[in-house]
Number of protein chains: 4
Amino acid sequence: MKQSKPKYKQIIDAAVEVIAENGYHSSQVSKIAKRAGVADGTIYLYFKNKEDILVSLFQEKMGQFIEKIQGETTARQTPSEKLYILIETHFDLLSKDYHLAVVTQLELRQSNKDLRLKINSVLKKYLDVIDGIVEEGIREEVFRENINRKLVRQMIFGTIDEVVTNWVMKEQHYDINKQAEDVHELIIEGLLKKK
Amino acid sequence: MKQSKPKYKQIIDAAVEVIAENGYHSSQVSKIAKRAGVADGTIYLYFKNKEDILVSLFQEKMGQFIEKIQGETTARQTPSEKLYILIETHFDLLSKDYHLAVVTQLELRQSNKDLRLKINSVLKKYLDVIDGIVEEGIREEVFRENINRKLVRQMIFGTIDEVVTNWVMKEQHYDINKQAEDVHELIIEGLLKKK
Amino acid sequence: MKQSKPKYKQIIDAAVEVIAENGYHSSQVSKIAKRAGVADGTIYLYFKNKEDILVSLFQEKMGQFIEKIQGETTARQTPSEKLYILIETHFDLLSKDYHLAVVTQLELRQSNKDLRLKINSVLKKYLDVIDGIVEEGIREEVFRENINRKLVRQMIFGTIDEVVTNWVMKEQHYDINKQAEDVHELIIEGLLKKK
Amino acid sequence: MKQSKPKYKQIIDAAVEVIAENGYHSSQVSKIAKRAGVADGTIYLYFKNKEDILVSLFQEKMGQFIEKIQGETTARQTPSEKLYILIETHFDLLSKDYHLAVVTQLELRQSNKDLRLKINSVLKKYLDVIDGIVEEGIREEVFRENINRKLVRQMIFGTIDEVVTNWVMKEQHYDINKQAEDVHELIIEGLLKKK
DNA sequence: GATGAATGAGTATTCATTCAT
DNA sequence: AATGAATGAATACTCATTCAT
């Protein structure tokens, strides 16, 4: 029993575990409460409702996630390096916390529209980091100037997300960290052979 | 409402409409039946259970979708052209059927693991088309030879999927068809400015 | 396919089979129709509703049953002999038709009050045969004169019924015919040791 | 209606009433809950499912029933007296609780095979009491030594059961307690006139 | 007479949330 | 703050019966 942690974090950690193990639809509030070592009713002293647990979970975990990525990227010089470290950190953080990866890549996507809108607003900050790198790359004339910024962001995020999802669904049978370089090169260089 | 369409298609079309309008979790069988103009029980003469409606819906609609894309791509000469027409057709087909786009990009992802596995097996054929184009591009030495084929496929699909999802969530306030060229160029040329 | 038999009997025989094999609650009209080799709707040309199949089944089968027993008993001289042949014939007929025994002893008792009232009215004739034997026994001063006739009938029927039910539930692992003599003696002589 | 009784008993008593009044098949869980003065969901805090209410009902009520009969019979000296008090107590207990009699004699027999097996295992204890009396009677050379013990038990139980069922179906228009003596004599003495 | 596609009423059970203690 | 017993809304599926052909 994690009695030392404040109950708020205790419940969120329990939720990640329970959802990763049982799947989104089999993760009843009572199951999360039991795992957290509190009574069902106690949940409602810390969260407005069940959806609020999930949103908070995402905020809490993604908050740290994004902070880390922000820190790493600002520490790099060039936009390309920044993009690389973003991809690497993204893969690294999730590969270290498989439960969280399952929850964010698979289980939380089963939520309804409302919840997903809230999740997207949390994601916004992450997308801002990507936008910043792209913007910088164009400004510094490292990236092509005539690209559609929003599309680029969607390509970068879509690619990373799809790669992680495939890794999670394959139940981590390979090392995703090793793919950071390839993914980075693919995004930077594109598909075409240069003469 | 008596329709001339066979009941099977009638029910699937009703399901697409109802799910697009009400969301996955508010789409009761009785609501679908009502929209299709049949009795609740009639649903079960054509489908094993509720999940079977969704799987069939996806098979039916994605079947046509993939066939169309297969047809268009084989009609083109170069891998690059094939990739372009794949992206264009993908955007075109979904932009013409917003209900279907909502269902495939948002609502059907709320389904449970079992359903998603079945959906993935339908999707497999689409991924095969992409794989074929990539393979051809490498063989013909148009695409770089040292790329990771699976990663490329994930980049292509991840990018297209993310672009469509963003378009759907923005409630079609812009013309996605116009983005086909940019997306294609991004994938082919990459981010980097060529000297 | 029993095409030669008239459909009425065909359906009743199918019902006995289906109920014996699947149990009362898993014996849908459609299952009976299929076994009888007719369409579902055809059932309703010969029977008012599902309950009517069951009542008719019981009437038809018990009709023959009672006739046989009436015939056998009248052919005997003394009330005691008549009682014996009644028991023996009862056991004999059911041991020869296990399906019917299962249906009458176990499955049909799961029916609701209404159906059971109708079944009881069919049974009335059988009880009349017993009553006749008891009456004759008393009149001829073979049976004790101060007995309660109705109670005697209930004892006789209750005993026979319980013995048969036990036999059916043991899935015919012993020969019930061999018990006719003992049952008869028990009823006639009672439990008490005579000095 | 707030009752002082613990909810478990409250629900069981409500079930007896509702089933006796409406019949087995018209006794929905919600009807039982309403009668018990609890919410539908509360039922499932005390019982696994609907069938479990019925099994528990039978165990609870028959448990007391059998205990009472065991107590009464052991307090008597001779096997014949024991048999008499068993019959009398059986009639007495059911005649005092007509609802329970309706449920055990008529409604609970409509249950499916599974439920009936569980009911039979409860009944086993009652049959053991009868077996004990028969055994003792033979050992003490009061009952005939050459009787088939199992058949005797079937006769005794079958007779009592049939008598009670007839009484219940006649809707208690006569006093069943007055029949205890006659039933006892019939079983002990048999049908035959002694010279 | 015969068919069988279509009907639609009916119900056990789960689980997020509340609130008296 | 914490509890956990109690609540009650919400829904997929079956199957006896009908009736147009």
Side-chain angles (χ1 to χ4, degrees), chain A residues 3 6-8 10-11 25-34 36-54, chain B residues 2 6-8 10-11 25-34 36-54, chain C residues 3 6-8 10-11 25-34 36-54, chain D residues 2 6-8 10-11 25-34 36-54:
Chain A
Q3 286 304 1
K7 286 206 165 50
Y8 177 82
Q10 215 168 300
I11 292 166
H25 283 112
S26 300
S27 295
Q28 296 81 355
V29 170
S30 63
K31 214 179 253 175
I32 295 172
K34 198 171 198 176
V38 301
D40 291 18
T42 306
I43 299 270
Y44 291 87
L45 298 176
Y46 294 91
F47 301 91
K48 216 166 71 254
N49 50 35
K50 186 181 180 181
E51 187 179 296
D52 190 35
I53 307 176
L54 303 173
Chain B
K2 285 272 161 113
K7 290 209 163 44
Y8 177 82
Q10 212 168 307
I11 292 165
H25 283 111
S26 301
S27 296
Q28 296 83 350
V29 171
S30 62
K31 213 178 257 177
I32 295 173
K34 199 169 201 175
V38 301
D40 292 16
T42 305
I43 299 271
Y44 293 89
L45 296 176
Y46 295 91
F47 302 90
K48 220 167 64 257
N49 49 36
K50 188 182 177 181
E51 185 180 297
D52 191 34
I53 306 176
L54 302 173
Chain C
Q3 286 303 1
K7 287 208 166 45
Y8 177 83
Q10 213 168 302
I11 292 166
H25 283 112
S26 301
S27 296
Q28 296 82 354
V29 170
S30 62
K31 212 178 256 176
I32 295 172
K34 197 170 199 176
V38 301
D40 292 16
T42 306
I43 299 270
Y44 292 86
L45 298 174
Y46 295 90
F47 301 91
K48 215 166 71 256
N49 49 35
K50 187 181 180 182
E51 187 179 296
D52 191 35
I53 307 176
L54 302 173
Chain D
K2 286 273 160 112
K7 290 211 162 44
Y8 178 81
Q10 214 168 305
I11 293 166
H25 283 110
S26 300
S27 296
Q28 296 84 350
V29 170
S30 62
K31 212 180 258 176
I32 295 173
K34 199 169 200 174
V38 300
D40 291 17
T42 305
I43 299 272
Y44 293 88
L45 297 176
Y46 296 91
F47 302 91
K48 221 167 64 253
N49 49 36
K50 188 180 178 181
E51 185 180 298
D52 191 35
I53 307 176
L54 302 172

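Proteins come first, then strands; the chains are lettered A, B, ... in the order of their sequence lines, and each starts at number 1. The analysis underlying the following values was restricted to heavy atoms, covering all of them including side chains, and did not include hydrogens, waters or symmetry mates. Everything numeric in this text was worked out from a predicted model, so none of it was measured.
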May I have the distance from [X] (atom [atom1]) to [N] (atom [atom2]), rounded to whole angstrom?
| X | N | atom1 | atom2 | result |
| --- | --- | --- | --- | --- |
| C:K34 | E:dT3 | NZ | P | 14 Å |
| A:I43 | F:dA1 | CD1 | P | 14 Å |
| B:I11 | E:dA6 | CD1 | C1' | 11 Å |
| A:I32 | E:dA16 | CD1 | P | 8 Å |

Sugar-phosphate, base or nothing in reach of C:F47, heavy atoms under 4.0 Å: nothing
Pairing stems for DNA chain E [at least three consecutive pairs; Watson-Crick or G-U; under 3.5 angstrom]: E:2-21 with F:2-21
By ring-ring contact (aromatic ring centres under 6.0 Å, His included) - contacts of A:F47 (at least two apart): A:Y8
Rounded to the nearest 0.5 Å, what's the gap from [atom1] on [X] to [atom2] on [Y]? Could you check?
| X | Y | atom1 | atom2 | result |
| --- | --- | --- | --- | --- |
| B:I43 | B:I11 | CD1 | CD1 | 4.0 Å |
| C:S30 | C:K34 | OG | NZ | 8.0 Å |
| D:D40 | D:Y44 | CG | OH | 8.0 Å |

Short side-chain N/O contact to E:dG1 OP1/OP2 from C:K7, under 4.0 Å: no
Phosphate OP1/OP2 of F:dA5: any D:Y46 side-chain N/O under 4.0 Å: no
Per-nucleotide protein contact string for nucleotides 14-21 of chain F (B base, S sugar-phosphate only, - none; heavy atom under 4.0 Å): BSSBB---
Within-4.5 Å side-chain heavy-atom neighbours: A:Q10 and A:K7: yes
Beyond-backbone contact of C:I32 with C:V29, side-chain heavy atoms, under 4.5 angstrom: no
Minimal non-hydrogen separation, B:Q28 against B:K50, with atom names: CA-NZ, 4.4 Å
